Undergrad: 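Once you've had a glance at the structure underneath, I'll fire off some questions.
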Amino acid sequence: MAEIEAEDEGDDHDLPDLPNVDEYDEVRMRAAPNPNGPWHIGHARMPAVIGTYKERYDGSFIVRFDDTDPETKRPDLDAYDAILDDIDYLGFEPDDVIVASDRVETYYEHARELIDAGGAYTCSCSGETFSELKNDAEACPHREKDVETVHEEFEAMVDGEYEPGEMVLRVRTDIEHKNPALRDWVAFRMIDTPHPREEASAYRCWPMLDFQSGVDDHLTGVTHIIRGIDLQDSAKRQQFVYDYFGWEYPEVVHWGHVQVDAYDVKLSTSTIKEKIEAGELDGWDDPRAPTLASLRRRGIRGEAVVDALIALGTSTSNVDLSMSSIYASNRELVDDEAERYFLVRDGERFALDGGPDAGHPPLHPDHEERGERTVPVDGGVRLEPDDVPAPGERVWLKGYACVRREGDSLVATGDGIGVVREGDVDVVHWVPAEGGVEVTMRTPDGDVAGVAEPDFAATDVDDVVQFERIGFVRVDEHGDEESVVYWTHP
RNA sequence: GCUCCAGUGGAGUAGCGGCCAAACUCACGGCCCUCUCACGGCCGAGCCCCCGGUUCGAAUCCGGGCUGGAGCACCA
């Protein structure tokens with residue numbers, strides 16, 4: 001009991017409780033992505049929050065691909081699996097995965113029922129014409145068609161007998177509703193472009209999000225819907241359908257939009273896709289892309305992303321996510337196991353006189369038991385330009401010794417570590433002038449070339465290590481010519 | 001134009017009538033530790049959008065305003 005209380009204490013700053021959880025046998029939630037590309041950082045919020053609630057309430061987490069627009073939101077066939085990979089990376093496993101384009105017949109059946117209930121009518125007004133009538137709170141002539149005609153015309157829609165724009169099925173709501181957004185909205189429309197999924201390519205009559213999503217939420221037993229403020233009116237719209245069917249609407253939580261600092265690229269799947277196609281980005285996992293694939297390649301753990309997104313809560317305000325909070329979460333996860341190495345960027349070469357043959361800094365300052373590295377001084381050393389001492393000045397080569405600059409040479413002074421402790425001499429990292437490992441470090445700000453110490457070659461791909469005084473990186477590749485690392489964070 | 005929502009330090013969140021001139025995380029500044037500008041420790045600066053009202057008492061309730069966001073698509 002004391003243990004449980006202690007855990008509750010720790011949850012003080014977690015997400016707020018979901019509303020009316022006691023009224024349901026089980027909390028069921030869904031993420032309903034549009035599979036038009038791999039996920040950006042903002043998309044991670046949904047699985048992060050749903051996954052967290054699932055654990056808290058022992059509930060379930062459904063993934064439903066809302067892919068009912070083969071044209072303007074054309075699904076990307078690779079995206080279905082890419083999104084499931086992203087969810088896996090974040091550390092969650094959906095209880096069920098369903099695809100809306102597999103369920104079109106179900107939507108048709110409910111449309112027919114809705115027509116029988118007097119809740120829908122076929123309408124051949126142009127969008128413009130209807131919009132004007134609607135804004136004046138006036139019904140169009142099609143609203144009073146008899147049910148038989150509506151059925152006939154809807155079946156003709158299903159059979160693909162109309163051109164796009166020629167006929168739609170509208171939900172009969174309240175044409176005088178004070179909120180124009182709720183008046184007689186479109187439930188089905190004609191789309192000529194075949195769906196990219198083979199199984200769904202024959203359909204021409206497609207449901208709109210509010211109809212499809214509303215029906216599916218009920219049919220799949222969703223109890224709590226979490227969605228963005230852009231869908232603020234959806235519940236009110238769908239409520240009309242729920243009323244016709246005698247269904248209870250689930251609980252709804254709305255949250256604001258997320259923006260992420262630190263990127264030049266807008267947090268938008270279509271924008272990222274355009275940049276990739278234009279060659280401005282190398283792919284979805286380019287370190288300059290604000291995508292989950294990019295963070296993963298940089299060695300940031302899904303858990304760190306989740307932590308940072310959970311901390312945003314679920315308020316309806318728009319929020320800015322600082323990458324630094326993802327970095328802080330991740331650093332906590334990787335610091336203890338990341339071995340230390342030296343990397344010198346834009347190195348300047350110096351001859352070295354006196355001193356031992358090699359330096360031996362530890363692999364990790366907090367874990368002497370892991371051993372030490374061997375950094376030889378073959379052919380002298382290289383230093384970063386900012387670390388080069390002025391002529392006559394001293395600098396401490398970390399793990400090696402104190403040296404003084406004399407012209408283009410560094411000369412061992414024989415000083416003890418005391419000169420560092422007293423603050424007289426700065427400690428810098430360094431690599432041998434010959435025999436280092438060529439490294440390309442890929443960062444959100446572009447690629448950086450450098451040379452790592454020889455022992456760096458012993459690291460494994462996927463290791464996250466720290467280049468001292470530079471930052472953490474994930475080892476991506478050890479090639480013949482060079483190694484490639486992805487910068488993780490400071 | 002109509003409708004809906006929100007406004008607490010640089011970012012985010014908590015507090016939701018007295019315990020609050022306000023807490024926590026990240027960021028920032030300083031100091032300590034340290035053979036890293038990492039990790040760790042200490043300290044610091046900085047916030048209740050405005051105006052009225054209710055109340056003994058308001059960040060918290062009410063009204064108005066201002067600012068910001070969202071919807072009014074045959075997009076999701």
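Predicted model only: the values in this text are computed from it and were never measured. All heavy atoms count here, side chains included; hydrogens, waters and symmetry mates do not.
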Undergrad: Is there a side-chain contact between A/Lys178 and the phosphate of B/rC4, meaning an N or O under 4.0 Å from OP1 or OP2?
TA: yes
Undergrad: Could you please name the partner base of B/rC2, counting Watson-Crick and G-U wobble pairs only when both distances are under 3.5 Å?
TA: B/rG71
Undergrad: By nearest atom, which of the nucleotides B/rC4, B/rC39, B/rG12 is closest to the A/Arg331 side chain?
TA: B/rC39
Undergrad: Please check if atom CG in A/Asp264 has more than 12 non-hydrogen atoms from other residues, nucleotides or ligands closer than 6.0 Å.
TA: no
Undergrad: Which is true for A/Leu209 with a 4.0 Å heavy-atom rule: it touches a base, it touches only sugar-phosphate, or it touches nothing?
TA: base
Undergrad: Where the side chain of A/Ser131 is defined as all heavy atoms beyond and including C-beta, which of B/rC75, B/rA73, B/rG69 is the nearest nucleotide?
TA: B/rA73
Undergrad: If I take atom CD in residue A/Glu153 and atom P in nucleotide B/rC74, what distance separates them, rounded to the nearest angstrom?
TA: 18 Å
Undergrad: Taking the nucleotide of RNA chain B with the nearest heavy atom to each, does A/Asn318 or A/Pro16 sit closer to the 5' end?
TA: A/Pro16
Undergrad: Just wondering, do A/Pro196 and A/Arg74 contact through their side chains at under 4.5 Å, heavy atoms?
TA: yes
Undergrad: Where the side chain of A/Lys398 is concerned, which of B/rU36, B/rA76, B/rG12 is the nearest nucleotide?
TA: B/rU36
Undergrad: Please work out if A/Val186 contacts a base, only the sugar-phosphate, or nothing of the nucleic acid, heavy-atom cut-off 4.0 Å.
TA: sugar-phosphate
Undergrad: Between B/rU36, B/rC26, B/rA76, which nucleotide has the shortest distance from any of its atoms to the side chain of A/Lys73?
TA: B/rA76
Undergrad: With a 4.0 Å cut-off on heavy atoms, is A/Asn34 in touch with a base, just the backbone sugar-phosphate, or nothing at all?
TA: sugar-phosphate
Undergrad: Is any NZ, NE, NH1 or NH2 atom of the basic residue among A/Asp217 and A/Arg30 found under 4.0 Å from an Asp or Glu carboxylate oxygen of the other?
TA: yes
Undergrad: Could you check which nucleotide pairs with B/rC35 in any of the strands shown, counting Watson-Crick or G-U wobble with both distances under 3.5 Å?
TA: none
Undergrad: Expressed as a whole number of Å, how far does the P atom of B/rC72 sit from that of B/rG12?
TA: 26 Å
Undergrad: Name the closest nucleotide to the A/Ser322 side chain, picking from B/rA11, B/rC74, B/rC4.
TA: B/rA11
Undergrad: With heavy atoms under 4.0 Å as the rule, sort A/Phe188 into base, sugar-phosphate or nothing.
TA: nothing
Undergrad: Base, sugar-phosphate or nothing for A/Pro362? Non-hydrogen atoms, less than 4.0 Å.
TA: nothing
Undergrad: Once you round it to whole Å, what is the distance between C1' of B/rC33 and CG of A/Asp366?
TA: 12 Å
Undergrad: May I ask which nucleotide in the shown strands pairs with B/rC26, Watson-Crick or G-U wobble, both distances under 3.5 Å?
TA: B/rG10
Undergrad: Out of B/rA11, B/rC2, B/rA27, which nucleotide sits closest to the side chain of A/Pro180?
TA: B/rC2
Undergrad: Classify A/Asp320 by what it touches in the nucleic acid, base, sugar-phosphate, or nothing, heavy-atom distance under 4.0 Å.
TA: sugar-phosphate
Undergrad: Nearest to the side chain of A/Thr68 - B/rC4, B/rU36, B/rA76?
TA: B/rA76
Undergrad: Touch check for A/His254, heavy atoms < 4.0 angstrom, all strands: base, sugar-phosphate only, or nothing?
TA: nothing
Undergrad: Picking from B/rU13, B/rA27, B/rU36, which would you name as closest to the side chain of A/Pro365?
TA: B/rU36
Undergrad: Take the protein atom CH2 of A/Trp206 and the nucleotide atom C1' of B/rA73, then report the distance between them rounded to whole Å.
TA: 18 Å
Undergrad: Tell me: OH of A/Tyr400 to C1' of B/rC35, nearest whole Å?
TA: 15 Å
Undergrad: CG of A/Leu343 versus P of B/rA38: gap in Å, rounded?
TA: 17 Å
Undergrad: Please give, in whole Å, the distance from B/rU34 P to A/Ile417 CD1?
TA: 11 Å
Undergrad: With nearest nucleotides of RNA chain B determined for A/Leu321 and A/Pro207 from heavy-atom distances, which residue corresponds to the more 5′ nucleotide?
TA: A/Leu321
Undergrad: Are any of A/Ser315's side-chain N or O atoms less than 4.0 Å away from OP1 or OP2 of B/rG12?
TA: no
Undergrad: So which nucleotide does B/rA59 pair with, by the Watson-Crick or G-U wobble rule with both distances under 3.5 Å?
TA: none
Undergrad: Taking CG from A/Leu15 and P from B/rU25, how many angstroms apart are they, rounded to a whole number?
TA: 18 Å
Undergrad: Taking atom C1' in both B/rG29 and B/rC66, what distance in whole Å separates the two?
TA: 34 Å
Undergrad: What nucleic acid atoms does A/Cys123 come within less than 4.0 Å of, heavy atoms only: base, sugar-phosphate, or nothing?
TA: nothing
Undergrad: Using a heavy-atom cut-off of 4.0 Å across all strands, would you classify A/Ser329 as base, sugar-phosphate, or nothing?
TA: nothing
Undergrad: Looking at B/rC72, I'd like to know if its phosphate oxygens (OP1 or OP2) sit under 4.0 Å from a side-chain N or O belonging to A/Arg183.
TA: no
Undergrad: Determine the interplanar angle of the A/Phe240 and A/His177 rings, folded into 0 to 90°, and report it as parallel if under 30°, tilted if 30 to 60°, perpendicular if over 60°.
TA: perpendicular
Undergrad: Pick base, sugar-phosphate or nothing for A/Leu231, based on heavy-atom distances below 4.0 Å to the nucleic acid.
TA: base
Undergrad: Could you label the plane-to-plane angle of the A/Phe467 and A/Phe456 rings as parallel, tilted or perpendicular, counting under 30° as parallel and over 60° as perpendicular?
TA: tilted
Undergrad: Any side-chain N or O of A/Arg237 less than 4.0 Å from the OP1 or OP2 oxygen of B/rG71?
TA: no
Undergrad: Using atom P in both nucleotides, what's the gap between B/rG18 and B/rG1 to the nearest angstrom?
TA: 40 Å
Undergrad: Do A/Thr269 and A/Trp284 touch side chain to side chain, with heavy atoms closer than 4.5 Å?
TA: yes
Undergrad: Got a salt bridge between A/Glu393 and A/Arg405, using NZ or NE/NH1/NH2 to carboxylate O under 4.0 Å?
TA: no
Undergrad: Taking the minimum atom-to-atom distance to the side chain of A/Ser317, which one of B/rC4, B/rG7, B/rG69 wins?
TA: B/rG7
Undergrad: Strictly below 4.0 Å: does A/Lys134 bring a side-chain N or O up to OP1 or OP2 of B/rA73?
TA: yes
Undergrad: Between B/rA76 atom P and A/Asp216 atom CG, what is the distance in whole Å?
TA: 13 Å
Undergrad: Within the structure shown, what part of the strands sits under 4.0 Å from A/Gly399 by heavy-atom distance: base, sugar-phosphate, or nothing?
TA: base
Undergrad: To the nearest 0.5 angstrom, please state how far the NE2 atom of A/His429 sits from the CD atom of A/Glu453.
TA: 11.0 Å
Undergrad: Remember a base hit wins even if backbone is also touched, and classify A/Met208 as base, sugar-phosphate or nothing at under 4.0 Å, heavy atoms.
TA: sugar-phosphate
Undergrad: When you compare B/rC50 with B/rG10, how far apart are their P atoms, in angstrom units rounded to a whole number?
TA: 14 Å
Undergrad: If only side-chain N and O atoms of A/Arg189 are considered, is one of them under 4.0 Å from the OP1 or OP2 phosphate oxygen of B/rA76?
TA: yes
Undergrad: Can you tell which of B/rU36, B/rG12, B/rC35 lies closest to the side chain of A/Arg469?
TA: B/rU36
Undergrad: On the 0 to 90° scale, with breaks at 30° and 60°, tag the A/Tyr108-A/Phe188 ring pair as parallel, tilted or perpendicular.
TA: tilted
